[in-house]
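The structure appears right after this line, and notes come after that.
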Protein chains: 2
Amino acid sequence: MKDFIFNVSTKILFGRDQMKNLASEIKKYGSRVLLAYGGGSIKKSGLYDEVVKIFEDNDIFYKELAGIEPNPRVDSAREGVKIARENNLDFILAVGGGSVIDLSKLVAGAVYLDCDPWDIVIKKAKIEKALPIGTILTLAATGSEMDAGGVITNLETNQKLGFGSAYTLPKFSILNPETTYSVNAKHTAAGIADIMSHTMENYFTLGDGAYMQNRLAEGILKTCIHYGPIAMEEPENYEARANIMWASSWAINGLLSTGKSTAWSVHAMEHELSAYYDITHGIGLAILTPRFLNHILSDKTVDMIRDFGINVFNITPSDNKMNDAKKAIAYLHAFFEQDMCIPMTLGEVGIDDEKLEIMAEAAARHAGGTIRGVVELTRDDVLEIYKASL
Amino acid sequence: MKDFIFNVSTKILFGRDQMKNLASEIKKYGSRVLLAYGGGSIKKSGLYDEVVKIFEDNDIFYKELAGIEPNPRVDSAREGVKIARENNLDFILAVGGGSVIDLSKLVAGAVYLDCDPWDIVIKKAKIEKALPIGTILTLAATGSEMDAGGVITNLETNQKLGFGSAYTLPKFSILNPETTYSVNAKHTAAGIADIMSHTMENYFTLGDGAYMQNRLAEGILKTCIHYGPIAMEEPENYEARANIMWASSWAINGLLSTGKSTAWSVHAMEHELSAYYDITHGIGLAILTPRFLNHILSDKTVDMIRDFGINVFNITPSDNKMNDAKKAIAYLHAFFEQDMCIPMTLGEVGIDDEKLEIMAEAAARHAGGTIRGVVELTRDDVLEIYKASL
């Protein structure tokens, strides 16, 4: 196990009855709030009205940053910084899914820097201070509610890149599984695929001796596999929504990667798909992951992938390791396709072979030449994986 | 899943090379340190000299609280409070295992209260403020390095009781698996039994829908079962020591109990054994746990215990659920006895039937009349479990 530092101080308030704590949690940090949210689903659900009433009842001043997009764009961050500065705001409350929270993190850091927010993403500027952030999560997927990073899209440059800073870790997050009841089947499935992908990006490494972390990862994968179909079938099943929501936080908050070298190979490949085609991130991950595993399957990785099948999908081990590993990959593919109803080809989400080479090139370039992971991926490897996904 | 708050902000610095961060971590909080430790094993290992040199090199003033006992006693806390007050200390560094850390937590809170430290333990006084604490862990067992509680013994009253306060959660903990190389086989085994017991106390509940938490608990149990025998056989196996050490923190820091009602039934029964006979806590837990499970085995609990056998010990499920559950209990007993070389009867640790009734009485009384858990235990139940353990 490699040396590591783990420091995740986000206070999680989980359950049906936590909004009563919202005002007191905010007031630990500020009283002039940037209320950040997305396309208005929180207005439909009544959550917006609930938050605004709490603000009014508790003399909390607020300004709104509305309309934050899925695959959130740097333009929204520019707008958020402007609003925060003009109104001398001292706290950001992000109400929504990962996009809203990610975007809020960028605003929180950029407020204190004399540069364009995009400079933070492309590492021309570094966050040294940030507005404190709280979140009310409405979609179980990205884990942004309990981690320090975010992913931002720049449509002008066709870039979708991650950034992170310890300063942008949320101070608190309110997780009420009931807020996810209204998430439709497609986005429920995409969220679960996202959670599973985070887990698998942390899980598929070799030779690091992080046994406990891998057993925990398997526990999170089993949770998604168990409750995924239930949440699809019964959107208002509290137990299913609660387990999936809590899994989303732990898949990516750093515990599963402690002591390991992880490379997030599939994310590196998927980010190009969303940057060029604006597809749903989780769907892209689900499509690519089985093809990625198939591509890297070799004598070196066969035990790792076979163990995944045995421990997560309860495959009965046979004498033919390679067959067992292939079965594991097939089960994962079938879970996404059959249980989660995810379209499992790029064609079905509107991506043909036109830009595959450009995207493969970009994926490798953004990773610094090659994607270093359990198996190193060159531009050609990425292209093959894209082609296998068509 | 029940509503819960999870808020574990301890910064973990894990690995071989973290002592370089000790001075800077302390200086975030103070510069006049109470250096708390136990019986001198840290002098033998060189850790004491290393810490003192870091203090000297970094102008950190310190006073020592030495000789803290296993099953730490309230007298040591009284002494610690006196030293801290007389020297105007502003930070506590606990170097040792759970006893040293637990005792340090009590000192940290008692410094600010105008009462005897024991009043905190018996809930006559409440911690409202505490000295900040850092730890350097030398024994993987209690998880005190990443939680807010402690257990203190009062030999005058034959009481061993827990206390806890959010204020006494360590600010940081340095976990170097190498510091546990010198832990002998007996205490390695006792530590692992302690970790497993914490996990099982969180795990064995019914009907709370905390599926993910249970899969994570199984991951931690599997880690102990996998590496326990390796650590016994090869005390300097880094991978084994590292996995066990990291497991110790997660067994009890609150994650596994999120969303659940847990009762810690076996701890309630064991605390009386250590209070009356000063036996090693982990050994007592190992002796009692299989007898506890056997005692509560019924139609109501059979699935729960059988699943434990299937998911943790890879028992092949049969049509006879009750037999499967009994097999699970037998495997747990055999693991402690055969793999961990733990004496599995009370007789072997010097406890005969003389005080069983007194202890059963006390266990029930300290729990408020009966021990509420997955199955409620009266004084008579406790007595039966003690007798089955003779």
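In what follows, chains are A, B, ... by sequence order, proteins preceding strands, each numbered from 1. Being a predicted model, the structure only gives us computed values, none of them experimental.
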**Report entry** Min side-chain heavy-atom separation A/K11-B/F6 under 4.5 Å
**Finding:** no
Query raised in the report: Heavy-atom distance under 4.5 Å between the side chains of B/Q213 and A/N243, does that happen here?
Result: yes
Requested in this report: Step through the shown structure and confirm whether more than 12 heavy atoms of other residues, nucleotides or ligands are within 6.0 Å of NZ on A/K28.
Outcome: yes
Query - Crowding at NZ, B/K129 (>12 non-hydrogen neighbours, <6.0 Å) - result: no
Report task. Measure distances from A/T258 to the heavy atoms of chain B and classify the residue's part below 4.5 Å as side chain, backbone, both or neither. Result -> side chain
Report summary line: Most heavy-atom pairs under 4.5 Å with chain A, out of B/W250, B/F4, B/Y238, belong to B/F4
Query raised in the report: Who among A/T10, A/L255, A/L13, A/V8 has the most heavy-atom pairs with chain B under 4.5 Å?
Result: A/L255
Query raised in the report: NZ of B/K126: more than 12 outside heavy atoms within 6.0 angstrom?
Result: no
Requested in this report: Decide side-chain contact (heavy atoms from CB on, under 4.5 Å) for A/F14 and B/K2; before the verdict, give the C-alpha distance in whole Å, the side-chain angles of both, and the deciding distance to 0.1 Å.
Outcome: CA-CA 8 Å; A/F14 193 104; B/K2 292 177 191 301; over 6 Å; no
**Report entry** Interface moiety of A/F172 toward chain B, non-hydrogen atoms closer than 4.5 Å
**Finding:** neither
**Report entry** Residue-level contacts of residues 215-228 of chain A with chain B, using a heavy-atom cutoff under 4.5 Å
**Finding:** A/R215, A/L216, A/G219, A/I220, A/K222, A/T223, A/H226, A/Y227
Query - Toward chain B, the part of A/M245 with a non-hydrogen atom under 4.5 Å - result: neither
Query - Between CD1 on residue B/I310 and CG on residue A/N314, distance to nearest 0.5 Å - result: 10.0 Å
Query - Ring centers of B/Y211, A/W246 separated by less than 6.0 Å - result: no
Query raised in the report: Would you call A/M212 and B/I244 a side-chain contact if the rule is heavy atoms closer than 4.5 Å?
Result: no
**Report entry** A/E233 CD: over 12 foreign heavy atoms closer than 6.0 Å
**Finding:** no
Query raised in the report: Say you draw a straight line from CE of B/M1 to CZ of A/R241; how long is it, rounded to the nearest 0.5 Å?
Result: 13.5 Å
Query raised in the report: Rounded to the nearest 0.5 Å, how far apart are NZ of A/K171 and CG of B/N7?
Result: 11.5 Å
